[in-house]
Amino acid sequence: MIRFENLHKAFGDKQVLAGLTLEVQDGETMVVIGYSGTGKSVALKHIVGLLDPDAGDVLVDGRAVSTLDRDALNALRREIGYVFQFAALFDSLTVAENVALGLRRRGLDDDEIAERVTEALALVDLTGAGERYAAELSGGMRKRVGIARAIALRPRYILYDEPTTGLDPVTSAVIDRLMVRTREHLGVTGVVVTHDMRSAYTVGDRIAMLHEGRIRQVGTVAEVQETDDPVVRQFIEGRPT
Amino acid sequence: MIDRIGRRTVGLIQAVGRWGQFMADMVRALPDVTTWGRLALVQMRRVGVDSLPVALFIAAFTGVVLALQASYTFTGTVPLYFVGTLVGKTMMLELGPVLAGLALAGRVGASMAAELGTMKVTEQVDALETLAYDPQSFLVVPRVLAGTVMFPIVVALAVLVGIMTGWMTSLWLLNLSTPEFVKGLRQFYQFKDTWFGLFKSATFGFTITTVGCVVGLSTRGGAEGVGRSTTRAVVYSAVAILVLDAFWAAVLLR
Ligand SMILES: Nc1ncnc2c1ncn2[C@@H]1O[C@H](COP(=O)(O)OP(=O)(O)OP(=O)(O)O)[C@@H](O)[C@H]1O
Ligand SMILES: [Mg+2]
């Protein structure tokens, strides 16, 4: 279970998160929506301890992330797959090496690594691209390698930061299906940050809207679709003011 | 005014603190040999390949100039074979390490800062951390180690090349015979000349790579930030080399 507890984070004068509280149950996929620049990525980074909160904390399995020492934090990170918004692939490595890097850290043997790499690349429809260098890929391919890198770990939690932004509609649908399947097969708990409402409705069990540093509304897909809250309505319908 | 000095001081103390933290992190990462071992070899090759051509090029021309300047300065009052002494000593003690060091700051330091800076701003460093890698043992230790080990080797070769071109210049342009040149070369030679130069080079290699890594990893703000980091790394390490050079001379040569 992931629990954001009254999380506060500012950069300089800019208060980004101001009392974010949200609970993600085991086995569910929580979709987080919100305007660009509201701090969705910042919130995700707190889950893996890449950022330190000013106040409040994130609890993963009941343990406050910001209080963990280095070893405990690394142990926690081994349970979490993180798909970065801009993929964050290692440019100097091939696609296959990118996917393998995290597996090697987990001490798997070479055969198992090769097997998992092949499998993960097949899942994101990149079979045969393993030997290409990350720097040579298109944006959409990079994104899919980023997803492969996370799911190859078979983690208990996966955090997706805008997994379908910038992909064509068909590839987006493929990725949506992949996220749903990953949850069904591996039983992972997921947090999906997205602007793509179609994707949100497909993969989400619940949807939470982050607005002005806190959660504006959280509810099942049906509840959010029926919402009376004008801010949420406007966002999900994509109406300009 | 006082306010500004105060802020500067605080800034300086913070920088020193960060530096100390960085060093402590690096020492902590040292036992993690399985992570950095293979990477260190890759970096060593890179440092060698990157810096050797420039270092040898500089040394070759420095050797020529040193020989000519020596003979010009001596103007018949000092025996000409002292050209050998001057070329040898100056190359080993000062110009070999320092010129190669400055060149290395421009090549290796800059490229490390740019590379790590890019990794930082494109979140590759964050990604490494989420995969439970320690950026210190994965990125920094191999680079610093490679710089410290490889740089004395590069300088040793540069010194040899410089002495060789100095000798050839003496032979062809100054009409100094080979035995005479060698006599000059050996006259005041001490073993300390060699180890001082090489030890100094190792500290330069360490400094350049550490500065490159620290500056690279503290990059912020996109491509522009990477550019800023790159220049900063070159300037800082060049200054550090010159200061360190004077420091070692004061400590070890008195
Ligand atoms: N490391 C940082 N240093 C300074 N400011 C930051 C940092 N990271 C994020 N911010 C700021 O925090 C705010 C929220 O950023 P964040 O990336 O979380 O937005 P987001 O909700 O993910 O937006 P998008 O949908 O565009 O990705 C932005 O104003 C951003 O400038
Ligand atoms: Mg974002």
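Because only heavy atoms are used, hydrogens play no part in the values below, and waters and symmetry mates are left out as well, while side chains stay in.
The neighbour count for A:E115 CD, taken as heavy atoms of other residues, nucleotides or ligands under 6.0 Å away, does not exceed 12. Crowding of A:Y35 atom OH: a count of heavy atoms from other residues, nucleotides or ligands under 6.0 Å exceeding 12. Other residues, nucleotides and ligands contribute more than 12 heavy atoms inside 6.0 Å of the CD atom of A:Q25. Crowding of B:R45 atom CZ: a count of heavy atoms from other residues, nucleotides or ligands under 6.0 Å not exceeding 12. Counting heavy atoms of neighbouring residues, nucleotides and ligands inside a 6.0 Å radius, atom CG of A:D110 does not exceed 12 of them. Remark: B:R220 CZ is loosely packed, at most 12 non-hydrogen atoms of other residues, nucleotides or ligands lying under 6.0 Å away.
To the nearest 0.5 angstrom, B:D134 atom CG is 7.5 Å from A:N74 atom CG.
The pair A:K45-B:E129 does not count as a salt bridge, with every side-chain nitrogen at least 4.0 angstrom from each carboxylate oxygen.
Looking only at heavy-atom pairs under 4.5 Å with chain A, the residue among B:Q124, B:E115, B:M119, B:E123 that has the most is B:Q124. Of the listed residues (A:G146, A:G102, A:S92), the one with the most heavy-atom contacts under 4.5 Å to chain B is A:G102. Note: A:L101 leads A:L101, A:I80, A:L159 in heavy-atom pairs under 4.5 Å with chain B.
Using a 4.5 Å heavy-atom cutoff, the side chains of B:D126 and A:V48 are not in contact. A heavy-atom distance below 4.5 Å is found between the side chains of B:T130 and A:F84.
Interface residue A:F90: backbone and side-chain heavy atoms are both found under 4.5 Å from chain B. Neither the backbone nor the side chain of A:L73 has a heavy atom closer than 4.5 Å to any heavy atom of chain B. Using a 4.5 Å cut-off between heavy atoms, A:L50 touches chain B through its side chain atoms alone.
When every heavy atom of A:A88 is checked against every heavy atom of B:A127, the shortest pair comes out as O-CB, 3.7 Å.
Of the residues A:R105, A:R149, A:R77, the one that meets the side chain to side chain contact (heavy atoms under 4.5 Å, CB included) test with B:L131 is A:R149.
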